[in-house]
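To keep things clear, I will list the structure first and then write my remarks on it.
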Amino acid sequence: MTFDVEIVRWHAVASWTWNAGDDVCGICRMPFDGCPPDGKYPGDDSPVVWGVCGHAFHLQCIQKWLQSQAQTDQRCPFCRRAWEFKAAAPSS
Amino acid sequence: MVELRSWATFLDTPNKAVSTTDSSALRDPVTAVLASAVLGRKYERELVDELLPKFGRALAGCDGNAAVTGLLQPALQVLSNAVHAQLQNLADFTYQAATSLAQANKALPASLLNAPAKHLRSTAALLQRSAEYNLTGLLHDLYTEQMERFRNCFDDDPGTIEDLTQMEGSETLEKAAMDISPSRSAASIKSQAWVAELARASANLRKLGLKAMSEQVAASVVNGNIEQHLQAAAHGVFSRPVLHQALAYAKQVPLQFLQVVLPPQASDDQSLQQWQSKLEYCVYEMLGSMRIREMFDIVVDYPDTRPALEDLKTCLIHTNLHSYFISSFRSETEARLLHPGAATKDIIEQYVATIRSLREVDPPGVLLAAVGRPIKTYLQGRRDTIRCIVTALTDDTKDSETTLGNESLFDELGRGAIEEAGENQEDADTDEALLSVAERWEPDPVDADSSMETSPQDVISMLVGIYGSKELFINEYRVMLADKLLAKMDYDCDREIRTLELLKIRFGDSNMHNCEIMLKDLADSKRLNASIKQLPAGPDTYRSRSAAPDSSVDNMTATILSELFWPALPQESICMPKEVDDMLKAYAAKFHTIKAPRKLQWRPHLGSVDLKVTVGVRTLELSVSPVCAAILHQFKARAEWSSEELSASLQMPSTTLRRKIIFWINQGLLLERKDAAQATVYIRAEHLDEHTKHRLKDDQDAALSNGPDSVSPQQQLHQEMAMYESYIMGMLTNFDDGLPLERIHNMLKMFVVEPAYDKTAEQLAAFLGKLASEEKLQLVGSVFKRKA
């Protein structure tokens, strides 16, 4: 006797996360998976970036911060190390 | 003394006495007054002894209405002639006495002059008082009968009332008000013999001093007639206006009737006008009261009943029925609507109809505030109110029976949006707008309850305002939207987007922000899904990390959520079959490739699955929830699973497993058996019965909704509490006298460790209440006991 179960189509549900460890952005105190105060939509429109120091912020937030600093002296607001965007996607 | 004696003889033969009395005897005022009194007394006796019995005999046949007309008028005629003769004699006598007194240069006593009037008064009083022939009743009968004849005459002549019925609009009213000259049919009626007879009868009544009574009876007959007419013409008739016609009728029949019955001098324009306004008021009040009594039905059939509402509005303007309206409609609503038997949906529909109806009747909203409050309070007590409102508001499916007038709430939502947009454009001349608003202002009616806010709101604000805050409403909408979106497999949410746009206009962008992101997630998921499908098998960098990078994602789609913006989703743990798990991992890896550094976290129990199940020679295709699919998948490789094994393999609690597996057992695909050790064993079916197929179709929807539906907090609590049921029952078995809530709570806290009991006493009380309602427990005083 045959008893076969074939999956024709599986519609799954998932949620995404930036996987940024700390839950909230250190600048705006909003969740990484949410959006910064100026942002309207989360995700693509509110990207999260890492500095070489390993600290993560919303792109909008850190840009605002960097703009407020002298062009020559851009530092991470957390550890005061020189700010540099980490190029590749970080491993978790 | 001599004179007194002569007066005594005079009493016996009055007529002779008056003619033969020496006029010289009347030169003395005292004698004259005395003589007049004696004469009056004499006539009175004649009236009592002769005329009234004669009158009574003449009316002897008047038992039924039929004979009244024929008998009453002749009898009245005879009586009034006789009384008239008496009065004439009295007047003659008075004249004689006056002449004599004048000759004797004596003053004329006032009582002498008043003698005829006094006699008339006492005659009238006698007539009214004698219960023997119930003159009022007879007169009532007479007038009613003649009124009927009048009406029939008008009915026979279609040129009068019908004309007016056909003309609609306010012109009719004005025309009717101005045109009080008798119409041609009225003229022809007046020339008829019976009308003349009627006129004579009322003239005779006036001669007998019964003018007041005659008018009173006429008025009550006319009122009765109007009421009868309204009852026949307007009762239950809501789909066309009846007020103009009724007013026209009142002007035609009853007014003409009054013209005949009332004294001729009353027919002059002024008093006729007065009567006419009395009649109109009567129509307004009667029709108004009738409509108020019928209000509930009128509301039910709204908007087909608009004409009736228009009528009622006019009636309310002209009368003072507001408080009657409030009390009557309130009690009607409470009796017929606000009881447990009515579905929340129906109550809301009736509430909406009430709001719309009353807005037509009473634009300032005073009535609405008063009658709407009980409905509002009642709805607050129902748990599914918000859900029903949200459904009603966002349901844009047009059913074919929807009539043009009966716009759905969804339409209203859209219309409100358009109006708002229109208003915004008018911002330029705000002052003018304000001025026109100020000019339209009218004070609230005096009987308005000032404690109630009466600002006119639209239907949606009133519905949303039932709970006093739009946040609750928006939250509920969000939960419903989440359910709807999670059930979608095709990402198509145009309708939801349209609804959301309308809601955004009403509630503001920021309030609907979460919902907007939810919809955006769906659109993004669609795009992402397409890109993931196009992506070649995972790039090298990630191949090493993903479990089975080659696993195909071809027959997989996903909805990817920005979780923070979705309502809390139910959590269930389940371990997916390896085949599925690989597929999910491959999909997630591809997502990571495209959207690095973002990652996916699966909600394995959400979504839906299309399965093709082959049993024997039969193949079934069905859509089920992922959990059900996972369970059935376990039987692909093994024919038999014990309950424990299966729950361990799927990593789900056996209670949950049982709840889910029931679906397959019902479908006939799995069978439940007890093995030798009384443990539950599930076996796959070897063949499918013919009837299974039908059942499958029926249950398919149920199976799907089994899955992602979010549960109400109440249900969720009961589910969580269900595992404590056996503890509680066991506990109460040991305590025959029962235990109070507090002790049950403490003992659960103390003894239940796996999983730890973490509920509050209130939650426990709710659960015990549920057990009591299921007759498992009983509450005696403050202690819970096992039901014997």
Side-chain angles (χ1 to χ4, degrees), chain A residues 1-26 28-62 84-92, chain B residues 486 488-490 513 516-517 520-521 524 555-566 569 579-580 583-584 587-588 591-592 595-617 619 621 623 626 629 632-633 635-636 639 669 684-687 708:
Chain A
M1 257 317 159
T2 51
F3 186 95
D4 190 39
V5 182
E6 188 194 330
I7 296 165
V8 180
R9 181 172 171 213
W10 190 289
H11 183 84
V13 174
S15 61
W16 57 261
T17 167
W18 284 104
N19 210 13
D22 214 351
D23 281 335
V24 296
C25 163
C28 67
R29 311 304 297 170
M30 299 299 271
F32 283 122
D33 295 347
C35 31
D38 301 337
K40 195 155 185 248
Y41 300 107
D44 290 339
D45 294 347
S46 307
V48 174
V49 291
W50 279 259
V52 282
C53 58
H55 292 121
F57 305 97
H58 285 124
L59 177 65
Q60 285 103 316
C61 299
I62 190 69
E84 227 176 286
F85 286 104
K86 197 168 175 178
S91 58
S92 56
Chain B
L486 286 178
K488 275 187 198 303
M489 291 176 82
D490 54 0
H513 188 222
E516 201 182 343
I517 289 176
K520 188 173 177 291
D521 279 348
D524 287 350
N555 48 6
M556 193 190 148
T557 53
T559 303
I560 297 160
L561 320 177
S562 308
E563 202 191 357
L564 288 173
F565 300 86
W566 287 67
L569 302 169
E579 182 186 339
V580 178
M583 195 159 70
L584 294 179
Y587 196 94
F591 175 85
H592 191 63
K595 290 288 178 188
R598 281 197 277 168
K599 287 197 162 171
L600 286 188
Q601 288 167 340
W602 292 107
R603 303 267 172 260
H605 57 284
L606 295 178
S608 75
V609 182
D610 291 342
L611 287 182
K612 197 192 266 177
V613 186
T614 313
V615 179
V617 290
T619 301
E621 283 183 33
S623 288
L632 194 68
H633 201 273
F635 289 86
K636 189 175 173 180
L669 284 168
R684 68 186 186 199
E686 296 299 322
H687 60 89

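Numbers restart at 1 for each chain; the letters A, B, ... are given by sequence-line order, proteins then strands.
Counting heavy-atom pairs closer than 4.5 Å to chain A, the top residue among B:D521, B:L611, B:D524 is B:L611.
Of the inter-residue distances, the one linking A:S15 atom OG with B:K599 atom NZ reads 13.5 Å to the nearest 0.5 angstrom. Atoms CG and CG, on A:D33 and B:L561 in that order, are 12.0 Å from each other to the nearest 0.5 Å. Atom CG of B:D610 sits about 10.5 Å away from atom CD1 of A:I7, to the nearest 0.5 Å.
Defined by atom type and a distance below 3.5 Å, a donor-acceptor pair is missing between the side-chain atoms of A:H11 and B:S608. Between the side chains of B:R598 and A:T17, not a single donor N or O lies within less than 3.5 Å of an accepting N or O.
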Intermediate values then yes/no, side chain to side chain contact (heavy atoms under 4.5 Å, CB included), B:L486 and A:V13: CA-CA 8 Å; B:L486 286 178; A:V13 174; 3.8 Å; yes
Chi angles and distances behind the side chain to side chain contact (heavy atoms under 4.5 Å, CB included) call for A:W10, B:V580: CA-CA 8 Å; A:W10 190 289; B:V580 178; 3.5 Å; yes
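By the 6.0 Å contact criterion, CD on A:E84 is open, its count of non-hydrogen atoms from other residues, nucleotides or ligands being 12 or less.
Considering every non-hydrogen atom in both B:W602 and A:A14, the closest pair reads CE3-CB, 3.4 Å. Across all non-hydrogen atoms, the minimal contact from B:L564 to A:P31 is CD1-CB, 3.4 Å.
With sequence neighbours excluded, the residues forming a side-chain hydrogen bond (donor to acceptor under 3.5 Å, both in side chains) with A:K40 are B:E516, listed by chain and number.
In this structure, chain A has heavy atoms under 4.5 Å from both the backbone and the side chain of B:L632. Heavy-atom distances place the side chain of B:K520, and not its backbone, under 4.5 Å from chain A. Contacts of B:F635 with chain A are made by both backbone and side-chain atoms, with heavy-atom separations under 4.5 Å. Within the 4.5 angstrom heavy-atom criterion, no atom of B:A639 approaches chain A.
For B:K595 and A:D44, the salt-bridge test passes: some basic side-chain N is under 4.0 Å from an acidic carboxylate O.
A cation-pi geometry, defined here as NZ or CZ lying under 6.0 Å from the six-membered ring centre and within 45° of its normal, does not hold between B:K636 and A:F3.
The shortest side-chain heavy-atom distance between A:W50 and B:P597 falls under the 4.5 Å cut-off. Put simply, the side chain of B:M556 does not reach to within 4.5 Å of the side chain of A:R9, judged on heavy atoms.
A donor-acceptor contact shorter than 3.5 Å is absent between the side chain of B:R603 and the backbone of A:A12.
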